[in-house]
Chemist: 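My questions will all concern the structure given below.
All residue numbers in this chain count up from 1 along the given sequence.
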Amino acid sequence: MTYSPCTLCPRRCGADRAAGQLGYCRLPGKLRVAKIMRHFWEEPALAGPGGSGAIFFSGCTLGCLYCQNQAISHSRQGQQMDSAGLRSAMEALIAQGAENIDLVTPTQFLPDILPALTPKLPVPVVYNCGGYERVETLQALQGLVDIYLPDLKYAGGVLAARLSGAPDYFPVAAAAIREMVRQTGPYVMDGERLRRGVMIRHLILPGQVENALRVLDWIGETFPPGTVLLSLLRQYTPMPQVMNMPPMNRTVSDEEYEAVLSWVYLNKLEGYTQGAGSASSAYIPDFSPRPE
């Protein structure tokens, strides 16, 4: 697995990132970390009193127009780091009480991340991604990741193309999630904490109830009860870049949320939901660059 030519994500742009070329992710082949923190706002199964040990990587392979983390996902902001430094950061988070290591949008730096995951850490490793992943890339994580936390954003190509430039999003993400489940097996809880398995996130988008229902249908039809967990997110917060793009310039209405929530019950999906108060910029981490 290398940066040259880069085929880590489904874009398979072929950039020579090791030589400094910028691929679709806008980053060369040098590990860059935007923020390291204990994150207390993840799902209850992940963020207990100690929080998740979140490591936010710079850049993204998807590039959604409405991304709330755009400050880091659409830029090269962050600190350059090598595999040894990343391992030290993980161990420091664990020493501070983090209950897992939460790798956020990591795929574009996987060649440097893999060495940092060996030997096995004493807490679960979470692979937190947009769902738009190559099965072949995920296979390199076999045995190193305990919990996969993918999004399943879209059930059709038109919306995925318009908002994320990925018309093939659904078939690619569906195959990726199946691979994740193959690796972990059915989810395993230890009390209130998830120790192993797959939790699928779906962010409800304003004006896109039908998309949400189709996503939930696929999850319910694909995985038997007890196989995966669902996290239904109501936290969509319109960012400045979508203020001239109705209906993306508003939050999800009560009527939209209730319609989607009823479909969760209809499909007998297990997992987590969010209240209206989650749609606030107060829950977005501060990604301001740290002073040198």
Chemist: Would you call M245 and Y66 a side-chain contact if the rule is heavy atoms closer than 4.5 Å?
Modeler: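 Side-chain contact under 4.5 Å: no.
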Chemist: Report all side-chain donor-acceptor pairs from residues 107-118 shorter than 3.5 Å, counting only partners two or more places apart or in another chain.
Modeler:
residue: T107; atom: OG1; partner: Y127; partner atom: OH; Å: 2.9
residue: T107; atom: OG1; partner: E133; partner atom: OE1; Å: 2.7
residue: T107; atom: OG1; partner: E133; partner atom: OE2; Å: 3.0
residue: Q108; atom: NE2; partner: S58; partner atom: O; Å: 2.7
residue: Q108; atom: NE2; partner: G59; partner atom: O; Å: 3.0
residue: Q108; atom: NE2; partner: T105; partner atom: O; Å: 3.1
residue: D112; atom: OD2; partner: Y3; partner atom: OH; Å: 3.0

Chemist: Do we see a donor-acceptor contact under 3.5 Å between the side chains of R214 and Q208?
Modeler: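 No, no side-chain donor-acceptor pair sits under 3.5 Å.
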Chemist: Where is the tightest heavy-atom contact between Q235 and L203, given as atom of each residue plus distance?
Modeler: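 Residues Q235 and L203, closest heavy atoms: CG-CD1, 3.9 Å.
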Chemist: For F57, which of L103, I72, L27, V104 qualifies under side-chain contact (heavy atoms from CB on, under 4.5 Å)?
Modeler: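 Testing F57 for a side-chain contact (heavy atoms from CB on, under 4.5 Å) against L103, I72, L27, V104 leaves exactly one candidate, L103.
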Chemist: Should we count NZ of K120 as having more than 12 external heavy atoms under 6.0 Å?
Modeler: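 Yes, NZ of K120 has more than 12 neighbouring heavy atoms, counting only those of other groups under 6.0 Å.
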Chemist: Could you verify whether a donor N or O on one side chain and an acceptor N or O on the other, from D151 and Y132, lie under 3.5 Å apart?
Modeler: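 Result is no, nothing qualifies.
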Chemist: Atom CG of D102 and atom CG of N128: how far apart are they, to the nearest 0.5 Å?
Modeler: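 Spacing of CG (D102) from CG (N128) equals 4.5 Å.
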Chemist: Under 4.0 Å between a Lys/Arg side-chain N and an Asp/Glu carboxylate O for D190 and R196?
Modeler: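 Salt bridge between D190 and R196, a charged N being under 4.0 Å from a carboxylate O: no.
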Chemist: Side chains of M180 and C129: closer than 4.5 Å at any heavy-atom pair?
Modeler: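 SC-SC contact between M180 and C129 confirmed.
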Chemist: Kindly say whether K153 contributes a backbone atom to a donor-acceptor pair with the side chain of N211 at under 3.5 angstrom?
Modeler: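 Yes, the answer is positive, given that a donor and an acceptor are paired below the 3.5 Å cut-off.
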Chemist: If you link ILVMFWY side chains whenever their heavy atoms are less than 4.5 Å apart, which other residues fall into the same cluster as L149? By chain and number, please.
Modeler: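 Hydrophobic cluster check, L149: joined to L46, V126, I147, Y187, M189, L194, M199, L229, Y272.
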Chemist: Any side-chain heavy atom of E179 within less than 4.5 Å of one from R182?
Modeler: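 Yes. Closest side-chain heavy atoms under 4.5 Å.
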Chemist: Would you call P206 and M248 a side-chain contact if the rule is heavy atoms closer than 4.5 Å?
Modeler: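 Heavy-atom side-chain distance check passes, below 4.5 Å.
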Chemist: Run the numbers on R193 and N100 for side-chain contact (heavy atoms from CB on, under 4.5 Å), then give the verdict.
Modeler: CA-CA 10 Å; R193 302 288 173 266; N100 55 61; over 6 Å; no
Chemist: Testing the 3.5 Å rule here: is there a donor-acceptor pair between the side chains of S164 and Y154?
Modeler: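 Yes, because at least one side-chain N or O of S164 sits under 3.5 Å from a partner of the opposite role on Y154.
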Chemist: With respect to S231, which candidate in E43, R201, H202 satisfies the side chain to side chain donor-acceptor pair (under 3.5 Å) definition?
Modeler: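 Among E43, R201, H202, the one meeting side chain to side chain donor-acceptor pair (under 3.5 Å) with S231 is E43.
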Chemist: Closer than 4.0 angstrom, basic N to acidic O: yes or no for R12 and E136?
Modeler: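 Looking at E136 together with R12, the answer is no, because their closest N to O distance does not fall below 4.0 Å.
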Chemist: Is any side-chain heavy atom of Q183 less than 4.5 Å from a side-chain heavy atom of V198?
Modeler: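 The answer is no; the side chains never approach within 4.5 Å.
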Chemist: Would you indicate whether E210, at its atom CD, is surrounded by more than 12 heavy atoms from other residues, nucleotides or ligands within a distance under 6.0 Å?
Modeler: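 Atom CD in E210 is not packed in, count stays at 12 or less.
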Chemist: Between L62 and R11, does the side-chain contact (heavy atoms from CB on, under 4.5 Å) criterion hold? Intermediate values first, please.
Modeler: CA-CA 9 Å; L62 201 50; R11 308 284 185 184; 3.9 Å; yes
Chemist: Taking side chain as C-beta onward, heavy atoms only, is Q274 less than 4.5 Å from L232?
Modeler: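 Result no, sub-4.5 Å side-chain heavy-atom pair not found.
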